[in-house]
Each structure stands twice: as structure tokens, then as C-alpha cells.
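I have placed the structure first, in the form of C-alpha cells, so that the comments after it can refer back to it.
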Amino acid sequence: MPQYKREPLTETEAKALEAACATPRERLIVWTLLDTGLRLAEFVGLTKDRLDLQARRLTVYGKGRATRQSARMTKRRILPLGDRAFEVLAAHFRLAHDMGMKKRAVQANVRRVASRAGLTKRVTPHVLRHTYAVTCLRKDIRLPTLQRLLGHEDLQTTGMYLNLAPEDVDREFRKKW
């Protein structure tokens with residue numbers, strides 16, 4: 001069976017999406033997903049106590065293998081936060097205890113912002129996760145580090161995100177050759 005091909009946003013598309021955010025809620029959703037690579041369920045499950053203001057990082061509970069029958073959010077990982085994600089999350093959690101959003105609302109917000117940005121490809125929270133992974137690779141973050149950031153048990157799973165654009169391949173080759 002053919003593998004679903006994950007298509008990240010290009011740098012230009014990501015910038016257009018970022019700029020098209022019109023409300024604090026849209027910025028919270030889009031900027032956090034682009035800057036952390038969180039899964040949709042991880043994002044909606046965030047709570048105030050998971051944000052470490054001092055260390056500027058998040059404790060995330062993601063997909064795990066507590067039991068074979070259950071795909072509960074049991075695996076814990078620590079995510080360092082860049083300035084933008086930290087600022088929107090800190091501002092949100094000054095006023096709220098949790099994200100206060102359901103998965104469908106987040107998906108609808110992402111679609112609305114993508115439409116406003118003029119993007120014609122399908123943009124979902126998972127596309128933003130994939131864009132984060134490719135952005136990490138563009139910034140020379142090593143694959144084992146990316147594996148930990150994304151919360152993958154198996155490096156092969158992380159490898160599925162290595163769908164680099166031809167210009168990325170060309171740039172890296174020219175930089176290192």
C-alpha cells in the first residue's frame with residue numbers, strides 16, 4: 001500500500017500562514033504548532049502546569065505504549081520553547097488553566113488562517129508538525145535530537161518526515177560540498 005506523503009509548508013508558505021493570523025487565538029494555535037511540532041491531541045491537552053516559565057519549556061504527554069490496547073497519552077517529553085511559542089503560551093496561560101479548545105476547533109482555525117493566507121494546499125495541524133520537523137532539519141538539528149523533540153520511539157518514524165524540498169537538498173549539498 002502506498003505511504004501517505006507528508007507535504008510540509010515551504011518557508012514562504014509558513015511565513016504567509018504566520019502573517020495571516022488575525023487574532024491572539026489564531027497566533028496561539030498556528031505559532032505554537034509551527035514552533036513546537038506538537039500533535040493535535042498534545043496541543044489541546046496542554047495545561048498551565050506544563051509550562052515551565054523559568055526554564056522556558058513544556059512538559060508534553062504524547063502517544064505511548066502503556067498497553068497494547070491503548071494509545072493513551074502516556075509518554076513524557078520536555079520541549080524547549082523558542083521566544084515566539086513561549087510568549088503566546090505564557091500570555092494564554094496568564095488567563096487560562098488549559099487550552100480551552102477541542103480538536104475540531106483547532107483544525108478549523110488552521111484551515112481558516114491557511115485560506116486567508118491564500119494557501120491552496122490542504123493545511124492541517126499535522127502539516128504544521130511536519131513543517132516543524134523540516135524546519136528543524138534546515139536548522140541542522142540532528143536526527144536523534146529531532147526524534148526526541150517529536151516524541152518518536154523509533155528513528156524510522158522520524159525518517160518519514162524527511163521529505164525535503166529539492167531546494168533544501170541543493171542548499172545543503174552546496175553548503176557542505
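Here the closest heavy-atom approach between residue T36 and residue L79 is recorded as O-CD1, 3.8 Å. Of all heavy-atom pairs spanning Y61 and E42, the tightest one is O-CG, 3.7 Å. Taking all atoms of both residues into account, the shortest heavy-atom contact from L9 to T131 is N-OG1, 2.9 Å. Closest of all the heavy-atom pairs between C136 and L146 is CB-CD1, 3.8 Å. Of all heavy-atom pairs between D35 and Y132, the closest is O-CE1, 3.4 Å. Among all heavy-atom pairs drawn from A20 and A117, the shortest one is CB-CB, 3.6 Å.
The closest side-chain heavy-atom distance from L33 to I29 is below 4.5 Å. Looking at heavy atoms from C-beta onward, P80 lies in side-chain contact with L149 at the 4.5 angstrom threshold. L34 has its side chain within reach of R84: a pair of non-hydrogen atoms, C-beta onward, lies under 4.5 Å apart. Taking the side chain as every heavy atom from C-beta outward, R39 and R129 approach each other to under 4.5 Å. The shortest side-chain heavy-atom distance between T124 and V110 does not fall under the 4.5 Å cut-off. Looking only at side-chain heavy atoms (C-beta outward), P125 and V106 come within less than 4.5 Å of each other. Using a 4.5 Å heavy-atom cutoff, the side chains of T32 and L89 are in contact. Side-chain atoms of L38 and L58, non-hydrogen and from C-beta on, do get closer than 4.5 Å to each other.
Once rounded to the nearest 0.5 Å, the distance linking CZ of R57 with CZ of R77 reads 14.0 Å.
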For residues 46-56, please give each side-chain donor-acceptor pair under 3.5 Å, one per line with the distance, not counting sequence neighbours.
{"residue": "T47", "atom": "OG1", "partner": "D49", "partner atom": "OD1", "Å": "2.3"}
{"residue": "K48", "atom": "NZ", "partner": "F93", "partner atom": "O", "Å": "3.2"}
{"residue": "R50", "atom": "NH1", "partner": "G45", "partner atom": "O", "Å": "3.2"}
{"residue": "D52", "atom": "OD1", "partner": "Q54", "partner atom": "N", "Å": "3.1"}
{"residue": "D52", "atom": "OD1", "partner": "A55", "partner atom": "N", "Å": "3.0"}
{"residue": "R56", "atom": "NH2", "partner": "D83", "partner atom": "OD1", "Å": "2.8"}

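The backbone N or O of T10 lies less than 3.5 Å from a partner atom in the side chain of E13, making a donor-acceptor pair. Checked by atom type and distance alone, the side chain of T59 never pairs as donor or acceptor with a backbone atom of I78 at under 3.5 Å.
Residue pairs that meet the side chain to side chain donor-acceptor pair (under 3.5 Å) test with at least one member in residues 91-100, sequence neighbours left out, do not exist here. Screening residues 21-33 for salt bridge (Lys or Arg N to Asp or Glu O under 4.0 Å) gives E26-R112, E26-R116 as the qualifying pairs, with residues at least two apart or on separate chains. Here salt bridge (Lys or Arg N to Asp or Glu O under 4.0 Å) pairs that include residues 100-111, with residues two or more places apart or in two chains, number zero.
Taking Q107 as the reference, nothing meets the side chain to side chain donor-acceptor pair (under 3.5 Å) condition, with sequence neighbours excluded. Qualifying side chain to side chain donor-acceptor pair (under 3.5 Å) partners for K139, counting only residues two or more places apart in sequence or in other chains: none.
Of the charged side-chain nitrogens involved, none lies within less than 4.0 Å of a carboxylate oxygen, so that E7 and R122 do not count as a salt-bridged pair.
Around the NZ atom of K121, the shell of radius 6.0 Å holds more than 12 heavy atoms that belong to other residues, nucleotides or ligands.
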When you look at E87 and W31, which way does the side-chain contact (heavy atoms from CB on, under 4.5 Å) test go after all the steps? CA-CA 10 Å; E87 293 301 326; W31 294 358; over 6 Å; no
